[in-house]
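On a predicted model such as this, the values are computed, not experimentally measured, just so you know. A note on names: the letters A, B, ... follow the listed sequences, proteins ahead of strands, and every chain is numbered from 1.
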Amino acid sequence: MPRRPASRPAAAPPAPAPSGARPEVTPRGPRYWLVKTEPETFSFEDLWAAPGRTTGWDGIRNYQARNFLRDDLRPGDGVLVYHSNATPSGVAGVAEVVAVGAPDPTQFDPRSPGFDPKATRANPIWYQAELRAVARAPRFLALEELRGLPGLAGMALLRRGQRLSVQPVTAEEWGIVLAAAGLGAPVATRAAAVRRPGPRADRSR
DNA sequence: GCCAACGTTGGC
DNA sequence: GCCAACGTTGGC
C-alpha cells in the first residue's frame, strides 16, 4: 500500500543525506514524527482497519524521508498521521513505530509503482517502517487549523515548500497537536508514556 | 487545473 | 561543477 503514489524512483544519489536544510531530530529521549499519506490511497482509517492496526509504511521514494525512516525512527516513537492532497488535509490520528530497518518490498516488485530497477535484495535502496495506529483524532485537525495554533509556527509541515513525507516533530509540537486534536489525555505510545507532563492541561487528577 | 517550491537529470 | 529543463508534491 503505497503511501505516496510512488513516483518514479530517482537515480541513486550519493548515499548519505547532506545536512543542509534537514529538519533537526531530537538527539535523546522520545522522538516524534509526522508521516503523510494520501487518504484516497491509504487513509488513517485503513491503518486502523489493518490487521493488528499495523502496516509496513512503504512507498517512500525521497532520500531525505528515507533517511529519517531508516536511520532515525525507533520503535516506540510517536507518529502523527497526516492526510495530504485531501479535502481537507490534516492530522487524522496517531500511530507508533513498531519496527524499523526492513527493506521496502515494493522496490523489488516489477508490477508495483514503487519498483526500482536499481534495487537488489542484497543492496536495497528503499526502506519501510512498521506503524501501528494508536488513536483516531477525536477532532480531525485540518491544515488551516494547524496554521492557527500558537506554538506551531516553526513546524516543518507548515513551512513553505516543505514536502517531506516523513518529518520530525518536536515534543512541544507533539503536545500542542495532540491537545488540539482532542488527544490531550495520555496516548498509549511508548513515546507518549515517557513524555514528561507538560504545561498542557492533560494531567487527569 | 494552476502553480510555487523543490529535487533530479543531463548537456556542456 | 553549473544550471536549465523537467518532474513531482501538494495546497489552493
Side-chain angles (χ1 to χ4, degrees), chain A residues 1-25 32-47 55-73 79-95 103-104 106-120 123-129 131 137 139-170 173 176-177 180-181:
Chain A
M1 43 236 75
R3 313 300 144 209
R4 321 251 83 262
S7 43
R8 218 71 268 287
S19 42
R22 188 177 201 258
E24 256 188 43
V25 180
Y32 307 97
W33 306 94
L34 179 145
V35 299
K36 297 178 183 176
T37 183
E38 301 195 1
E40 289 200 14
T41 304
F42 191 85
S43 69
F44 184 81
E45 284 308 308
D46 293 326
L47 179 59
T55 197
W57 203 262
D58 57 26
I60 302 295
R61 291 297 181 275
N62 167 281
Y63 285 99
Q64 201 178 351
R66 177 207 66 181
N67 292 346
F68 281 133
L69 199 78
R70 183 190 61 184
D71 304 335
D72 296 316
L73 264 70
V79 179
L80 302 173
V81 178
Y82 177 85
H83 285 174
S84 62
N85 256 325
T87 313
S89 295
V91 174
V94 169
D104 176 345
T106 64
Q107 72 191 303
F108 307 125
D109 178 2
R111 290 174 311 282
S112 167
F115 178 62
D116 188 339
K118 291 177 300 306
T120 65
N123 289 296
I125 298 174
W126 307 109
Y127 291 79
Q128 66 176 11
L131 298 187
R139 296 185 57 244
F140 179 89
L141 251 195
L143 177 60
E144 185 182 7
E145 209 173 339
L146 284 164
R147 290 194 193 282
L149 285 175
L152 295 188
M155 193 174 184
L157 177 74
L158 305 181
R159 286 207 287 269
R160 246 179 111 69
Q162 176 57 66
R163 299 178 312 181
L164 272 186
S165 54
V166 178
Q167 53 184 251
V169 169
T170 68
E173 292 160 355
I176 292 168
V177 170

Pairs under 3.5 Å (N/O, protein and nucleotides 3-5 of chain B):
unit_1	atom_1	unit_2	atom_2	d
B/dA4	O3'	A/Arg160	NH2	2.7
B/dA5	OP1	A/Arg160	NE	2.8
B/dA5	OP1	A/Arg160	NH2	2.1
B/dA5	N3	A/Arg163	NH1	3.2

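Between A/Glu38 atom CD and C/dT9 atom P the separation is 7 Å, expressed in whole Å. Rounded to an integer number of Å, the gap from A/Gln64 CD to C/dT8 C1' is 15 Å. We find that CZ of A/Arg147 is positioned 13 Å from P of C/dG10, with the value rounded to whole Å. With rounding to whole Å, A/Asn85 atom CG is found 13 Å from B/dG1 atom C1'. The interatomic distance linking A/Leu164 (CG) with B/dT8 (P) rounds to 11 Å, in whole Å. The nearest whole Å value for the distance from the NE2 atom in A/His83 to the P atom in C/dT9 is 17 Å. In this structure, A/Leu146 atom CG and C/dG10 atom C1' are separated by 15 Å, rounded to whole Å. A straight line from CZ of A/Arg61 to P of C/dT8 spans 14 Å, rounded to a whole angstrom.
Checked against side chain to side chain contact (heavy atoms under 4.5 Å, CB included), A/Ser43 has the following partners two or more places apart in sequence or in another chain: A/Pro39, A/Glu45, A/Asp46, A/His83.
In this structure, A/Tyr82 reaches the C/dG11 phosphate: one of its side-chain N or O atoms is under 4.0 Å from OP1 or OP2.
Scanning both residues, A/Ile60 and A/Ala65, for their nearest heavy atoms gives CG2-CB, 3.6 Å.
For A/Gln167 (side chain) and A/Leu164 (main-chain N/O), a donor-acceptor pair under 3.5 Å exists by modelled atom type. At distances below 3.5 Å, not a single donor-acceptor pair connects side-chain atoms of A/Arg66 with backbone N or O atoms of A/Arg61. Side-chain atoms of A/Ser89 never come within 3.5 Å of backbone atoms of A/Leu143 as a donor-acceptor pair (strictly under, hydrogens ignored). In this structure, A/Gln107 contributes its side chain and A/Ala119 its backbone to no donor-acceptor pair below 3.5 Å.
Here the side chain of A/Lys36 is nearest to one of B/dT8, C/dG11, C/dG10, namely C/dG10.
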